[in-house]
Every structure is written in C-alpha cells, then in structure tokens.
Amino acid sequence: MNRLKDATSPYLLQHAGNPVEWWEWSDEAFAEARRRDVPVLLSVGYAACHWCHVMAHESFEDGETARAMNELFVNVKVDREERPDIDAVYMEATQAMTGQGGWPMTVFMTPEGHPFYCGTYFPRAQFRALLQAVHKAWTEQRDDVARQGQQVVDALTSRGSGLGGSEAPGDRVLAHAVKVLARSYDAARGGFGGAPKFPPSMVLEFLLRHHARTGDEESLAMASGTLEAMARGGMYDQLGGGFARYSVDVGWVVPHFEKMLYDNALLARVYAHWWRLTGNPSARRVALETCDWMLRDLRTDQGGLASALDADSEGVEGKYYVWTPEQLREVLGDEDGAFAERLFEVTGTFEHGASVLQLLSDPDDVERYERVRTALLAARAQRIPPARDDKVVAAWNGLAVAALAECGALFDRPDLVRAAEEVVRLLGEVHLRDGRLARTSKDGAAGANAGVLEDYADVAEGLLALHAVTGDPHHVRLAGELLNTVLERFADGSGGFYDTADDAERLFRRPQDPTDNATPSGQFAAAGALLSFAALTGSDWHRQAAEDALAPAGTLADEHARFAGWGLAVAEARAAGPVEIAVIGDPEDVRTRALHRTALMAVAPGAVVSVGPPDAEGVPLLEGRGLVEGEPAAYVCRGFVCRLPVTTQADLNRELRGQLD
C-alpha cells in the first residue's frame, strides 16, 4: 500500500514507490504494530542524504528485503528535516546504544515507541540478517527486548541536558574558549580537528566577534585561515558559488557534494562579516556568490528557499561538479583548457581521473579567468543536475533572511534585500497561523508539523536583521511575537528551553539540546534573538531570558567550545553591550542613508541598528530621539543610555570605535 504518495516531504515521496509498505509517523502506525503484535522499524533520513539513497536502492527497492520488512514489522519513514524532534530523540538513543550516529538512522522499537536496537546504514545482506535476528528476539525473548527498551527510555529521560551552568560567559570564559579552540586548530590547512571537516560557521562568527571586541590576533588568524582555506578548496563550488556539506579530507579538497541552505546562509553571513572587519576582497566575492547561488538554485516559485540539492546526479555522487582534463578541453579548447587545468588543480583529486575544482591562488589574468569560469558554468548547466528538496524550512529561511539582508546592505545589492523581504512575506503568509509557526511548507502550502524552537528563534533573528536594513517596524513586532511564544511555550523553568513546545506531540523524551550542530542550537539562537530584541526595545524580561539561556555556553567553553560557537558569539554581543545605534532622519535623505550605512558597517559584536523618521513609533530605541538642528542624526547607546547625537559619518565612526576601546 502506497501511504506516502500524498506526503509533503520530498524525501518521503522518494520512497512512495518502494515495495516496502511505509507508514508516515502517526498514531495509526503504532496502533497497527500493537494490533499485529510486531515491532516498529523506524527509518529516518533526508532527501539530500547520499547514504540514504544507497540504502534505499540496495534494500528498500529490493523485493525480497521489502517482503521481510512488511511481514515482520510496521515500517515508518521520517524526514528528519520535517520532524527534528523525532530525529533528536531517537538519534540520542542510537548514539547511546552504538557510540555513533548518522543517516539513514535505523531504529527497531516496541509499539510503545521504546527503542531496543539502533543503527545507521546497513548493507543489504547485513540488513536482511538483522531483520531476521530482531524478529527472532521479538518472538523468543520478548521480555528481554521490552526490558531493554524500557531501560533505554529510563536512562535517557533521567539525565537531562547536563549543561546547566550558572551564568552567561564573561570575559575570562570567552578568552579561555579561544585557547580551547586553538588546541584543535589546523594551522596548516584551516579548520578544527581532522577529517571529515565541517564548516564551523558559528565558531568563526565567535572568533570574528572576539577579535572585534578585544583585538585578539589569534582569534582573527584562526577565523581568517579557515575562511580562506574553505573558499579556495573543493568544498566551495568554484564555478557556481555555494558550499557543499563538508570535506571528506583534512585539506578541504573533496566534498560530500550535497549543498544545504542552512550551511550557505550561515556562511554567506560570516563571510560578509569577515569582509566588514578586514576588507578582504575574497570575503566579499564568496559572500555574494553564495547569495547568488541560493537565489539561482534554491529559490522557489513562492519566494522561499528550498532546503538542499542532492549529492548525486544520474545516480553518481559528485558527477555534476567534477571535471577531467579532456572535458575542460572539449569546452574551452586546448589553450584555455590547459589554463583551467592548472588554475583549478585538475590533477585527479576525485575518482576515475576526475577532479573537484579548487582555486588555490588568485589568477594572474582575471579577465581570462572570468571568461573560462563563465564558459565552464554554462557547459555544466547542460548536465543533468542533482535533485532539489523543494520543501521550505522556516528556521533555515530565517537564517537566509539575515544573510541576504546583510549582504544586500553591505554590498549595495538591493535585489538581495528584496529577496529577503519575499522570504519573510512567504513565512508570514504561509507558515504563520494564530501566532504559531509551521515547520515546513511546499508549493505554497504549509506542512502539518509544528515549528520547533529553532524555527521561532531563527525567523526572529532574520526579522531583526532585516529591520536593521529596512527600518520596517513590523519586523520588530513580529519578532517580538515569536519570541514571546518562545518564552511562554518552550521555557524549561530553569533558564533554558526545550526544543519543542509544551503542546507538541509527546515522545518518550522531550528533546532539549543546547549544543550547536550544523546550525545554531535552538537555545543559543533564541538567546541571540532575545538579546537583540531587548536592545531594540529596552525589555529587561527578554534581556534576562537571553542571559539565562547562555549559561550552558560557559560550561561547554571549558572543553568543548566547538559545540557552543553561537552561544559564545551571542555572549560576545552581551559583553559588548550590545551597542545600539538609532539613526533618525528621512529614509530618502542622502544624509540619513550615509549615517545608516555607517551604522551597518559597525563591527561591534551583535550591534543593533534601527532607522526611522523623528519620533518614529513602533521601535522604542527610536522613540524620543530627533534631528539635530534639522539634520539627520545618529545616537550610539548602550542599555538605552545614549551619547550625544552626531550628524556626520566621520563622527559616527569615531563614536563606534570608541565603543570598542
């Protein structure tokens, strides 16, 4: 029976034609397991996951394997991007039972949802044997299986997050976090630790902010070394822009080719901040190329941004992106082909004589480089592209709003700001109902799954970043509504936040994880948005909530700073104030625009900016502040205590530099 044919998830739809009789996660699926007295087999993955495709082809499309699955289990398929709560709870069980995790995740559980055997990818022969072994244990050792499942549940529900902490990180802890990061920094190749290397976006934001606030050169060196290495290696798409998920090697040469919206939104923003701090031209180029890639390849007809591109095309990982010397010459001719071969390091770095393109040094002939790059990109466009996961995830679109708005403002690209406004329009019209967010949408229709903590926090973050660029007070009001929902529905009563709301579906454990993963943790993302909102509104409630939520970052900073990057970045903003900049004047006045741009160029960590006419309503930071002798003015404040207003860019720059002395 094809129960997935009406699913909104592209990942589930990929499996709709399997001979496996899949169920979506539902009460009905577990009721069926109880009726049949069989275990539930839960398979969790996502559309761009290479090994998910491999296991699907080997096992789920295989008739004999499917018959065993259908006979012995109720089989449930979950898209981890639609249901991060299910993924989090059962991944915690998988890691506890096996010491590792990943996708596809394979979990055998009782009809009560208690996991008793977990794993990830299994080759077909091993998976078939496992099906029979689990069935044998279920039928012959039922009490032992049930007891093991209950023990797993009891152990996980009793331990909490274990990262309480007593206060937000201060100067000493932030400086120590830099030293902790330095221990694992790869000075030769950039990044932290060994292979595989993931883009440490949140850690890089922390390091840039720490340097901006303190002048610490080690922080800037680690951030710049990593940003430069990632941008020159094969993880960055040297033709089309945008970053792949991670590098399989320590040198950033060969990527795992899937391209995720969340990585690129975070990286576009951090490269823009690197440029703002240093003026590095590569930072500007990469930030803009990444934004252009997001809009070119991920933008949906409704104005949102799709989740990801697959790693595979035509069933082969990386085929769309790699080149052989012969392919270069076929497109470019012998002379330019040889030039491209040298420039892009086409030396057989991948498989079957093909290479992932790198740009280890700047070209001497920029005009020729641009001509060659354009020709190769056009030729690549004729290849069969990787599939796209078209669902729009609220949290990741919130991250993209922040990146597009800031890059648009910093690099004078109003089209990027308009794109950010279009994303916000979609989120408001489709995802938001009665003050609550839907996690996903597809083709302009909201999905059934409730938003989780990161959705509220990241959308609020995006709204506040967009407000800094446009001055629209509606964005602040909407961010406030979302953050009030966070405080009222997600709070754990001890200063932290659960990842699901108090009225969400109950799993065997309510997920709560303050550590960063590929994206900022929901808790640290909420702390950042709460701190910015408090700086714009003067709300002590939101300020205190932000500080309380940062406490685990201090605990993590002691030994595991790589998993608290966003919390540490927000703590840098707290340590800096954050600085509040109110620009008063007619938005169409060239003098107002000049002051506004200077404000947006401020490198003070987490600085908040608002712009509006005299005595503007809707944003408390602007209220009661007027022109100076009829001229537009800027007010630089901390905690709503402002210095004397200034009317020139030079004076505003001096005031902002003074905030960092």
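Computation of the quantities below employed the complete heavy-atom set of this structure, encompassing side-chain atoms and omitting hydrogens, waters and symmetry-equivalent molecules. Keep in mind the model is a prediction, meaning the values are calculated, not measured.
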Are side-chain N/O atoms of [X] and [Y] paired as donor and acceptor at under 3.5 Å?
X	Y	result
H211	E218	no
D513	T515	yes
S355	W323	no
H53	D312	no

### Task
Tell me, with the steps shown, if F192 and Y185 meet ring-ring contact (aromatic ring centres under 6.0 Å, His included).
CA-CA 4 Å; F192 301 88; Y185 178 64; 5.5 Å; yes
### Query
Residues two or more places apart in sequence or in another chain: which of them pass side chain to side chain contact (heavy atoms under 4.5 Å, CB included) with D390?
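In terms of side chain to side chain contact (heavy atoms under 4.5 Å, CB included), with neighbours along the sequence ignored, D390 is linked to A306, R388, K442.
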Are [X] and [Y] close enough that some pair of their side-chain heavy atoms sits under 4.5 Å apart?
X	Y	result
L305	L404	yes
L261	V393	no
L204	L227	yes
M260	S307	no
H352	T324	no
E572	L174	yes

Determine, for [X] against [Y], whether the closest basic-nitrogen to carboxylate-oxygen distance falls under 4.0 angstrom.
X	Y	answer
D292	R413	yes
E406	R269	yes
R285	E289	yes
D516	R562	no
R418	D415	no
R380	D237	yes
R371	D336	yes
K319	E351	no

#### Entry: Counterpart residues, disulfide bond (SG atoms under 2.5 Å apart), relative to C407 (two or more places apart)
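Checked C407 against disulfide bond (SG atoms under 2.5 Å apart); zero matches.
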Between [X] (side chain only) and [Y] (backbone N and O only), is there a donor and an acceptor less than 3.5 Å apart?
X	Y	result
N517	T519	no
Q95	Y90	no
R124	S59	no

### Which residues share a salt bridge (Lys or Arg N to Asp or Glu O under 4.0 Å) with R245, sequence neighbours left out
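For R245 the salt bridge (Lys or Arg N to Asp or Glu O under 4.0 Å) partners, ignoring immediate neighbours, are D263.
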Measuring from [X]:[atom1] to [Y]:[atom2], what's the distance to the nearest 0.5 Å?
X	Y	atom1	atom2	answer
L357	Q238	CG	CD	7.0 Å
T278	L220	OG1	CG	7.0 Å
H273	L207	NE2	CG	14.5 Å

If the condition is ring-ring contact (aromatic ring centres under 6.0 Å, His included), which residues does [X] pass it with, not counting sequence neighbours?
X	result
Y121	W51
F243	Y236, Y271
F524	none

### Message
Just checking F411 against W275, ring centres under 6.0 Å apart?
### Response
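Yes, ring centres under 6.0 Å apart.
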#### Entry: Output field: ring centroids F350/F257 closer than 6.0 Å
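That pair passes the under 6.0 Å test.
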### Message
I need the minimum non-hydrogen distance between G606 and R209, along with the two atoms involved.
### Response
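Taking G606 first and R209 second, the nearest heavy atoms are N-CZ, 4.0 Å.
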### F198 and Y246 aromatic ring geometry - parallel, tilted or perpendicular at 30°/60° bounds
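Y246 vs F198 ring planes: tilted.
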### Query
Do the ring planes of F563 and H560 sit parallel (below 30°), tilted (30 to 60°) or perpendicular (above 60°)?
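Because their plane-to-plane angle lies in the 30° to 60° range, the rings of F563 and H560 count as tilted.
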### Task
I would like to know whether H50 and E258 meet side chain to side chain donor-acceptor pair (under 3.5 Å); could you show each step before the answer?
CA-CA 8 Å; H50 171 71; E258 63 197 32; over 6 Å; no
### Task
Give the intermediate values and the outcome of salt bridge (Lys or Arg N to Asp or Glu O under 4.0 Å) for residues D85 and R439.
CA-CA 11 Å; D85 52 338; R439 168 72 174 171; over 6 Å; no
